[in-house]
Every structure is written in C-alpha cells, then in structure tokens.
Amino acid sequence: MRSLRLSSVALAAALSLTLAACGSDDDGDDVATPDTEASFEAGTRMAELAEAGKITVGTKFDQPLFGQKGLSGEPEGFDVEIAKLIAAKLGIAEGDIEFVEAVSANREPFLQQGRVDMVVATYTMNDKRDMVVDFAGPYFLAGQDILVAKGNPKGITKPEDLKGKKTCSVSGSTPAENVQTKYGLTTAELTLFDTYTKCRDALANGQVDAVTTDNVILAGYVDAAPDKFELLGSPFTEEPYGIGIPEGQEEFCDWINETLAEAADDGSYAAAFEKTAGTVISDTPELPEPKGCDA
Ligand code: GLU
C-alpha cells in the first residue's frame with residue numbers, strides 16, 4: 001500500500017495524537033490469541049458471551065484503514081482489530097466473530113434490535129446516541145474534514161466554502177448533521193448516501209464537489225487514489241470513536257474499557273493500529289482517556 005503521510009500538525013490539531021516513538025511490533029502475525037483462561041462472574045454479559053463462544057460485531061465494509069472487506073472476504077482495519085482484541089479477552093477466537101455490515105444509519109437500530117452484540121465502526125460517541133445505546137471508549141480521536149478532487153478545482157478550503165456547492169456525506173452520520181446544522185447546507189446542497197464509497201464515486205465522477213466525513217476515513221480514499229483526490233487536512237470537529245453496546249450494559253462497558261487499557265499496556269493496541277490505519281497515518285495514537293460508563 002502506498003503510504004500517505006498525513007501532516008502530523010494537522011492531524012494532531014483535532015486528533016490529539018501523541019507521537020509514539022515505538023517501532024512496529026515484532027510478532028509478525030499479530031493474531032489476537034483467545035484467552036483460554038478467561039472466566040467471568042456468572043450472570044454478567046461477559047460470562048454470557050464467553051459461554052456462547054461467539055460474538056456478532058457491526059462494522060463498516062467499505063472504509064479502508066478502519067473496516068473494509070477486501071479480496072479475502074473478511075473485513076480488515078483498525079476497528080476490526082479492536083473487535084478481535086475484545087473478543088480474544090472473552091476467549092472467543094477470530095473465526096467465531098461474525099462481522100455484520102453496519103452502515104452509519106444502522107448502528108443504533110442494530111444495537112437496539114439485538115442484531116449485533118457490539119458496534120466498532122468509526123462510531124462517534126455523543127450525547128444523542130448515548131440516549132439509546134452505551135459506549136465504551138473512546139479508543140481513537142478523529143475529526144471531520146473535507147475531501148475534494150485533486151487540484152481542488154472549486155477552491156474549497158474550509159467548511160463555510162461548502163455553501164452553494166454540492167457536498168456528499170452519509171445518512172445517520174455526525175458529519176452530515178454538522179454541515180446541515182452548523183454550516184446551513186440545504187437538501188439541494190447535500191447529497192446523502194448510505195456509504196462513503198458512494199460519495200467517493202460521486203466525487204470522482206464530478207457529480208459532487210466535496211465529500212465530508214472523518215479525516216481518517218477520507219485519508220483511506222486518498223491513499224487508494226492519490227491522483228484523484230486530496231484531503232484538506234484541516235479537521236474542524238472532534239469525533240471520539242467508541243464501542244457501541246446495547247443500553248444498560250454498564251458492567252460490560254467498564255470491562256471493555258479495562259480491556260482497552262490492558263491492550264494499551266501490553267502493546268497490542270499500538271500493534272493493531274500500526275498494521276492497519278498506521279500504514280497510512282504515521283502517528284500511532286495513545287489510548288485516549290475513557291469517558292466512563294455510568295448513565
Ligand atoms: N464518526 C462519524 C459518525 O459516527 C462519521 C463516520 C461514520 O459515519 O461512520 O457518524
């Protein structure tokens with residue numbers, strides 16, 4: 001994969017990324033080994049999942065670096081690796097994780113309907129979503145940015161410039177809501193699809209002038225087609241990525257936060273990043289402070 005070195009200054013502005021001077025891990029294959037000793041108090045969600053020996057995870061299937069189904073037929077990316085780390089600590093092997101595509105607008109419904117046990121899908125934690133689902137994390141801090149055609153023919157340099165142009169984003173996403181409520185884009189100015197690849201294709205075809213979502217999602221599209229697209233590199237929101245679980249599972253949420261902290265301590269969090277998003281985004285983040293699981 002070609003490596004696009006995102007400006008660490010631009011990224012750090014919104015992502016609070018810390019330069020982690022660690023090299024890549026040396027265990028080569030990095031498969032999260034299921035914890036065969038895992039044991040949990042009866043009646044907890046962790047015990048239920050460990051006992052079932054399988055877990056269903058909602059993730060993205062078309063977002064390079066975080067969740068993308070490639071030729072292998074299996075989704076790959078940082079979100080996928082985070083899900084594998086959590087499953088492994090429950091004693092669940094990779095092959096017993098069922099990954100289900102959860103497009104942005106399906107994330108809360110899938111959790112509410114019990115269609116998935118958790119969602120790891122570039123999922124911003126916020127108060128509105130917190131009313132209907134619970135979030136562990138954050139495990140990563142992204143920021144909303146803008147993708148334009150190579151050479152930036154429309155001269156877009158900031159979100160205010162989107163007014164009067166054609167912008168694409170995804171239904172049920174925070175970036176779509178933000179450009180409508182904060183930057184006043186009308187339905188005529190904003191095209192909404194269910195996935196970001198449809199927006200990417202609309203930009204490539206000249207049907208829209210810009211695509212807006214999280215910088216790290218857009219960075220994956222630039223990396224795949226650097227002759228077609230460019231990223232402004234000036235993030236203007238904070239998008240803390242959380243692990244969505246059904247509402248009322250506070251104990252599971254606390255346990256996921258402990259698991260993430262252990263993964264940060266033993267290097268598996270950094271290794272998960274470096275083998276996925278880290279191939280394009282040069283700064284390995286430190287695990288952000290957990291938000292806390294109460295209420
Ligand atoms: N992080 C944002 C969100 O959760 C945008 C990315 C996405 O739609 O997955 O809405």
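Note: hydrogens, waters and symmetry copies are ignored here, and every other heavy atom, side chains too, is used.
Checked against side-chain contact (heavy atoms from CB on, under 4.5 Å), A136 has the following partners two or more places apart in sequence or in another chain: I243, C253, I256, N257. Shown here are the side-chain contact (heavy atoms from CB on, under 4.5 Å) partners of P34, two or more places apart in sequence or in another chain: A93. Residues passing the ring pair (Phe, Tyr, Trp, His ring centres under 6.0 Å) test with F135 are Y123, sequence neighbours excluded. In terms of the ring pair (Phe, Tyr, Trp, His ring centres under 6.0 Å) criterion, Y221 has no residue partners (sequence neighbours excluded).
Within the structure, salt bridge (charged side-chain N to carboxylate O under 4.0 Å, His left out) contacts touching residues 69-80 (residues at least two apart or in different chains) do not occur. Sorted by first and then second residue, the pairs that involve residues 82-93 and meet salt bridge (charged side-chain N to carboxylate O under 4.0 Å, His left out), not counting sequence neighbours, are E81-K84, K84-E94, K89-E262. Evaluation of the ring-ring contact (aromatic ring centres under 6.0 Å, His included) test over residues 95-115, restricted to residues two or more places apart or in two chains, returns none. Legend: disulfide (SG to SG under 2.5 Å) pairs involving residues 74-159, not counting sequence neighbours: none detected. The disulfide (SG to SG under 2.5 Å) contacts involving residues 54-168 comprise C168-C199, where partners must be two or more places apart or lie in separate chains. The stretch residues 96-107 participates, sequence neighbours left out, in these side chain to side chain donor-acceptor pair (under 3.5 Å) pairs: K60-S104. For residues 59-149, no pair satisfies disulfide (SG to SG under 2.5 Å), with sequence neighbours left out.
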What pairs of donor and acceptor atoms, side-chain ones from residues 183-192 against any protein atom, are under 3.5 angstrom apart with sequence neighbours left out?
unit_1: T186; atom_1: OG1; unit_2: A188; atom_2: N; d: 3.4
unit_1: T186; atom_1: OG1; unit_2: E189; atom_2: N; d: 3.2
unit_1: T186; atom_1: OG1; unit_2: E189; atom_2: OE1; d: 3.2
unit_1: E189; atom_1: OE1; unit_2: K163; atom_2: NZ; d: 2.8
unit_1: E189; atom_1: OE1; unit_2: T186; atom_2: N; d: 2.9
unit_1: E189; atom_1: OE2; unit_2: K163; atom_2: NZ; d: 3.4
unit_1: E189; atom_1: OE2; unit_2: G164; atom_2: N; d: 2.8

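Look at D209 and K166 and you find no salt bridge, because none of the NZ, NE, NH1 or NH2 atoms lies under 4.0 Å from a carboxylate O. Salt-bridge formation is not detected for the pair D161/K165: no Lys NZ or Arg NE/NH1/NH2 atom is positioned less than 4.0 Å from an Asp or Glu carboxylate oxygen. Classification of R200 and D62 as a salt-bridged pair fails, no side-chain N sitting under 4.0 Å from a carboxylate O.
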Checklist entry - Given F78 and Y241, is the ring pair (Phe, Tyr, Trp, His ring centres under 6.0 Å) satisfied, shown in steps? => result CA-CA 11 Å; F78 187 48; Y241 288 175; 8.8 Å; no
Item to check | Evaluation steps, ring pair (Phe, Tyr, Trp, His ring centres under 6.0 Å), between Y269 and Y139 | outcome: CA-CA 9 Å; Y269 169 84; Y139 61 92; 7.8 Å; no
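Using a 4.5 Å heavy-atom cutoff, the side chains of D145 and L147 are not in contact.
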